[in-house]
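One structure below.
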Protein chains: 2
Amino acid sequence: MLDENSKYKELLNREGIKSTRHRNAILELLEESEFPLTAEQLFITLRDKTASIDLSTVYRTLDTFASKNLIIKSNRADDGKALYELNHNEHKHHLLCVGCHKLISIDDCPIGELMQTLKNKIDFDITGHKLEIYGYCHDCKKFNHTLSSDA
Amino acid sequence: MLDENSKYKELLNREGIKSTRHRNAILELLEESEFPLTAEQLFITLRDKTASIDLSTVYRTLDTFASKNLIIKSNRADDGKALYELNHNEHKHHLLCVGCHKLISIDDCPIGELMQTLKNKIDFDITGHKLEIYGYCHDCKKFNHTLSSDA
DNA sequence: AATGCAAATGCAAGGCAGTTGCAAGTGGCG
DNA sequence: CGCCACTTGCAACTGCCTTGCATTTGCATT
Ligand SMILES: [Mn+2]
Ligand SMILES: [Mn+2]
Ligand SMILES: [Zn+2]
Ligand SMILES: [Zn+2]
């Protein structure tokens with residue numbers, strides 16, 4: 001059963017792993033998404049959209065991808081849930097709305113050169129950084145304002 | 001049983017909660033620590049040092065403190081475990097050594113004014129941010145160098 | 001195209017961090 | 001002291017994630 005879902009066959013074989021329906025579907029979903037997804041989000045989408053998949057397969061697939069550096073695994077700051085996103089090898093940051101949990105990407109790194117400066121000042125070999133910005137998105141901002149003006 | 005462990009009695013009463021042996025002990029441990037601790041770390045230290053405590057009490061106490069904003073709860077970026085630290089109301093960041101998991105505090109926020117600038121540029125109400133810097137500490141840097149020079 | 005085998009999967013059980021219900025204990029107040 | 005709401009211990013439970021094992025499937029080779 002290998003119709004044109006084999007979109008990622010080359011990529012997967014290049015990494016020395018088999019091209020399967022599930023793996024292709026998961027890569028496709030991650031590619032379509034603008035922000036990191038939880039294993040459960042992937043699981044539910046796949047169960048509804050394509051043929052059924054087991055949750056453990058989702059986790060194993062994600063682990064495999066992460067070990068091949070195809071995707072990046074992280075943990076959500078507020079509840080610690082695991083998040084997965086395609087590794088575009090591009091440096092990115094997000095605005096996290098604490099009202100509705102929306103994630104908004106910001107394209108460039110606001111602190112890139114700052115890291116460079118810092119590297120020369122401290123006895124610590126910096127290899128990377130993670131910046132998360134919290135607040136209220138356009139929609140929740142309005143809602144918040146309405147609420148607080150009642151007080 | 002309220003000897004001089006009642007160091008935080010006033011603080012606790014001010015928040016409308018009772019001063020107990022466990023609560024005082026937990027606050028003391030958090031105050032002594034230079035970096036955030038897990039519930040389990042607190043649990044083990046308390047079990048060994050003072051009279052026994054139940055892990056659920058540790059969690060409930062930490063939740064109570066967090067709801068009063070006495071402490072800050074976060075989730076470790078690499079494994080998602082919950083971390084707790086005293087809320088000094090001071091803005092801090094850490095260098096995380098990916099070699100030995102050591103956390104090194106850096107005093108000032110390297111991006112404070114940058115946030116200010118950003119606030120005026122985007123349609124998002126920024127309330128805070130979290131910056132983590134990864135790399136190798138002085139010790140692990142040396143070790144790493146030794147390893148890579150073998151190749 | 002058929003064969004063979006290692007890799008991938010489904011299923012069910014298990015592990016671990018954190019939570020909750022409830023009965024017993026304790027702090028703070030009169 | 002004596003009361004009572006708050007706190008705690010204990011044990012069961014939940015949710016996220018992992019693992020063992022039998023079965024299936026990709027894919028290389030014939
Ligand atoms: Mn950056
Ligand atoms: Mn900062
Ligand atoms: Zn929002
Ligand atoms: Zn180190």
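Computed from a predicted model, the values in this text were never measured in an experiment.
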Under 6.0 Å between ring centres, would you say that holds for B:His129 and B:His91?
yes
Could you tell me how far apart A:Glu15 (CD) and C:dA7 (C1') are, to the nearest whole angstrom?
16 Å
What's the closest nucleotide to the side chain of A:Ser56 if the choices are C:dA17, D:dT18, C:dA6?
D:dT18
Euclidean distance, atom CD1 of residue B:Ile44 to atom P of C:dA17 [Å, nearest integer]
10 Å
Applying side chain to side chain contact (heavy atoms under 4.5 Å, CB included), can you list everything that pairs with A:Lys130, at least two apart in sequence or on another chain?
A:Ser74, A:Glu132, B:Ala77, B:Tyr134
Figure out the CD/P separation between A:Glu40 and D:dC17, and round it to whole Å.
9 Å
A:Asn24 CG to C:dT9 P, straight-line distance once rounded to whole Å:
10 Å
All salt bridge (charged side-chain N to carboxylate O under 4.0 Å, His left out) counterparts of A:Asp48, not counting sequence neighbours:
none
To the nearest Å, give me how far apart CZ (B:Arg21) and P (C:dG27) are.
8 Å
Are side-chain N/O atoms of B:Asn13 and B:Ser19 paired as donor and acceptor at under 3.5 Å?
no
A:Ile17 has a side chain; which of D:dC17, C:dA17, C:dA8 sits nearest to it?
C:dA8
Report yes if at least one side-chain N or O of B:Tyr59 is closer than 4.0 Å to OP1 or OP2 of C:dG18; otherwise report no.
yes
Please state whether the phosphate of C:dT26, meaning OP1 or OP2, lies under 4.0 angstrom from any side-chain nitrogen or oxygen of B:His22.
no
So, B:Thr38 side chain and B:Gln41 main chain: donor-acceptor pair closer than 3.5 Å or not?
yes
Kindly say if B:Thr20 contacts the phosphate of D:dT8, meaning a side-chain N or O under 4.0 Å from OP1 or OP2.
yes
Any donor-acceptor pair under 3.5 Å between the side chain of A:Ser19 and the base of D:dC27?
no
Please report the distance, rounded to the nearest Å, between CG in A:Leu12 and P in D:dT25.
18 Å
Among D:dT7, D:dC17, D:dC27, which is the nearest nucleotide to the side chain of A:Lys9?
D:dC27
Considering just the side-chain nitrogens and oxygens of B:Arg23, establish if one lies under 4.0 Å of OP1 or OP2 belonging to D:dT8.
yes
Any donor and acceptor pair, going by atom type alone, linking the side chain of A:Ser33 with main-chain N or O of A:Leu30 inside 3.5 Å?
no
How is B:Leu55 classified with respect to the nucleic acid when contacts are heavy atoms under 4.0 Å: base, sugar-phosphate, or nothing?
nothing
Using heavy atoms to find the nearest nucleotide of DNA chain C for A:Thr61 and B:Asn13 separately, return the residue whose nucleotide is more 5′.
A:Thr61
For D:dG9, does either OP1 or OP2 sit under 4.0 Å from a side-chain N or O belonging to B:Thr57?
yes
By nearest-heavy-atom nucleotide on DNA chain C, the more 5' of B:Lys18 and A:Thr64 is A:Thr64
CG of B:Leu27 versus P of D:dT7: gap in Å, rounded?
13 Å
Axial bend angle, the helix from C:dA1-D:dT30 to C:dG30-D:dC1: five-pair end segments, nearest 10°:
30°
For the side chain of B:Thr61 and the backbone of B:Thr57, is there at least one donor-acceptor N/O pair under 3.5 Å apart?
yes
Using a distance-only criterion (donor-acceptor N/O pair, under 3.5 Å, no hydrogens), is the base of D:dG20 paired with the side chain of A:Arg60?
yes
Using distance alone, with no hydrogens and no angle criterion, decide if B:Tyr8 and B:Glu28 have a side-chain donor and acceptor under 3.5 Å apart.
no
Within this structure, what is the CG-to-P distance between A:Leu46 and C:dG10, rounded to whole angstrom?
10 Å
